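Presented below is the structure to which this report refers.
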Amino acid sequence: MGASVLQLSDMVATGVQRAVYLHPLDPTKLIKVLRPAGSVPRRTNFNGIMDRRLPGTRLRQIHKEYTEYLRVMLNHPEPDFHTPIAHMFGFSQTSEGLGCITERVMEPGRQVGETLGAKAAAGTLTPAHIAMLNDTVHRIYASDIRASDMNPNNFVFGQRDNGTGPGPEECVLVDGFGDIHAIPVRSMARWSNRMGLDDSCKRLARNARLHWDAKAREFALPR
């Protein structure tokens, strides 16, 4: 007998390509499901044109994310490795299609954590939040993680379940990792990935209205 299908109903976020739901059985997990092609908003940029003319591009971008997670974890088998990106726990059939199970970054009370973008828009970012963001960015550089879409909505503040309960509050990159570019320059060498990360951080600072110190590779609240 096949595995039971998870019934999804509580959508907590939606991106261009995927929708994110609460896991119906595990409060520490989320499930990402690829949105039907007909529901994806029409975009006039390069990625949007590629999605329409070469539909397989959508799957390639998502495949890159899964591959990057696997690469990072295989390169860091040490039990105490604290990854700055969200953990993935495999796949499951759901009522909305094949879903990727990922960890849920939570605020106290099991609410889904708030994004950097939401906090920036609300003006609620504090020096403590910026310190968490900088810690995450430092670990992204140190682990040579290929993060091609570091937009403010892909960073979430909150706690992760560490097996015995909620861990410390931190900032986690929950989406947007993997070398999704047509020419995978970031995958060629560590130095080329660092150049790409520098550019991504500069763009992140602009979109979140933060100051980016390129030399120190750190963010700061605007003066």
Side-chain angles (χ1 to χ4, degrees), residues 10-15 18-32 65 68-69 72-73 76 78-89 100-147 149-178 197 200-213 216-223:
D10 296 319
M11 183 189 297
V12 295
T14 180
R18 289 177 296 183
V20 184
Y21 294 83
L22 298 180
H23 194 295
L25 304 177
D26 188 340
T28 69
K29 305 289 192 302
L30 297 172
I31 300 182
K32 296 179 180 180
E65 178 181 294
E68 180 65 7
Y69 173 77
V72 171
M73 298 311 294
H76 296 278
E78 56 273 22
D80 60 346
F81 174 60
H82 187 57
T83 175
I85 61 178
H87 280 296
M88 296 180 175
F89 303 100
C100 174
I101 301 173
T102 184
E103 70 181 338
R104 180 176 169 184
V105 181
M106 303 169 288
E107 293 182 346
R110 300 287 187 182
Q111 294 179 336
V112 176
E114 196 170 17
T115 67
L116 170 63
K119 286 186 178 295
T124 57
L125 281 171
T126 67
H129 292 126
I130 300 302
M132 293 178 207
L133 174 62
N134 284 331
D135 176 69
T136 295
V137 168
H138 290 162
R139 288 185 286 123
I140 288 173
Y141 275 97
S143 299
D144 192 33
I145 294 174
R146 298 154 189 166
D149 187 15
M150 291 170 61
N151 78 66
N153 292 328
N154 286 341
F155 287 90
V156 177
F157 293 96
Q159 299 167 296
R160 296 195 270 188
D161 185 78
N162 59 15
T164 59
E169 187 177 6
E170 59 179 311
C171 179
V172 183
L173 180 63
V174 300
D175 206 345
F177 42 92
L197 289 174
S200 293
C201 286
K202 182 167 37 174
R203 187 164 56 251
L204 175 63
R206 184 171 63 249
N207 292 336
R209 299 188 293 276
L210 297 174
H211 173 72
W212 170 247
D213 184 332
R217 287 180 169 141
E218 289 191 342
F219 294 95
L221 291 170
R223 299 180 179 85

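All of these numbers come straight from a predicted model, not from anything done at the bench.
Looking only at side-chain heavy atoms (C-beta outward), Leu125 and Leu221 come within less than 4.5 Å of each other. You'll find the side chain of Lys32 reaches within 4.5 Å of the side chain of Thr102, heavy atoms only. Using a 4.5 Å cut-off on side-chain heavy atoms (C-beta onward), Met73 and Met88 make no contact. Residues Val137 and Arg217 fail the side-chain proximity criterion, which asks for heavy atoms closer than 4.5 Å. Taking 4.5 Å as the limit, every side-chain heavy atom of Thr83 sits out of range of all side-chain heavy atoms of His76. With contacts defined as side-chain heavy-atom distances shorter than 4.5 Å, the pair Val112/Leu22 qualifies.
Distance check, rounded to the nearest 0.5 Å: CD1 of Ile31 to CZ of Arg104 gives 11.5 Å. Considering CG of Asn207 and CE of Met150, their distance stands at 11.5 Å, rounded to 0.5 Å. Rounding to the nearest 0.5 Å gives a distance of 9.0 Å between NZ of Lys29 and CE of Met106. Rounded to the nearest 0.5 angstrom, Ile101 CD1 and Thr28 OG1 are separated by 10.0 Å. The CG atom of Asn153 sits 10.5 Å away from the CD atom of Glu114 when rounded to the nearest 0.5 Å. Atom-to-atom distance recorded for Asp161:CG and Asp26:CG is 8.0 Å, nearest 0.5 angstrom.
In terms of heavy atoms, Phe157 sits closest to His129 at CE2-O, 3.4 Å. Nearest heavy atoms, Ala205 versus His211: CB-C, 4.4 Å. Ala208 and Ala120 make their closest contact through O-CB, 3.6 Å (heavy atoms, listed as atom of the first residue, atom of the second, distance).
No donor-acceptor pair closer than 3.5 Å links the side chain of Glu107 to the backbone N or O of Gly158. No donor-acceptor distance shorter than 3.5 angstrom exists from the side chain of Ser143 to the backbone of Ile145, with no hydrogens or angles considered. Judged by distance alone, with hydrogens and angles left aside, the side-chain atoms of Glu218 form no donor-acceptor pair with the main-chain N or O of Asn134 at under 3.5 Å. Between the side chain of Arg146 and the main chain of Glu68, no donor-acceptor pair closer than 3.5 Å is present. Looking at Arg139, its side chain does come within 3.5 Å of a backbone N or O of His82 through a donor-acceptor pair. The closest donor-acceptor contact from the side chain of Asn154 to the backbone of Leu173 lies at 3.5 Å or more, if one exists at all.
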- Message: If you apply the rule side-chain contact (heavy atoms from CB on, under 4.5 Å), what do you find for Tyr141 with Cys201, and how did you get there?
- Response: CA-CA 11 Å; Tyr141 275 97; Cys201 286; 4.0 Å; yes

- Task: Quick one: do Leu133 and Leu210 satisfy side-chain contact (heavy atoms from CB on, under 4.5 Å)? Show the steps, please.
- Result: CA-CA 11 Å; Leu133 174 62; Leu210 297 174; 4.0 Å; yes

- Message: What verdict does the side-chain contact (heavy atoms from CB on, under 4.5 Å) test give for Val72 and Phe81, after you've listed the backbone C-alpha separation in whole Å, the side-chain angles of each residue and the deciding distance to 0.1 Å?
- Response: CA-CA 10 Å; Val72 171; Phe81 174 60; 4.0 Å; yes

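The side-chain contact (heavy atoms from CB on, under 4.5 Å) with Phe155 is formed by just one residue from the set Leu204, Asp175, Val105; it is Leu204.
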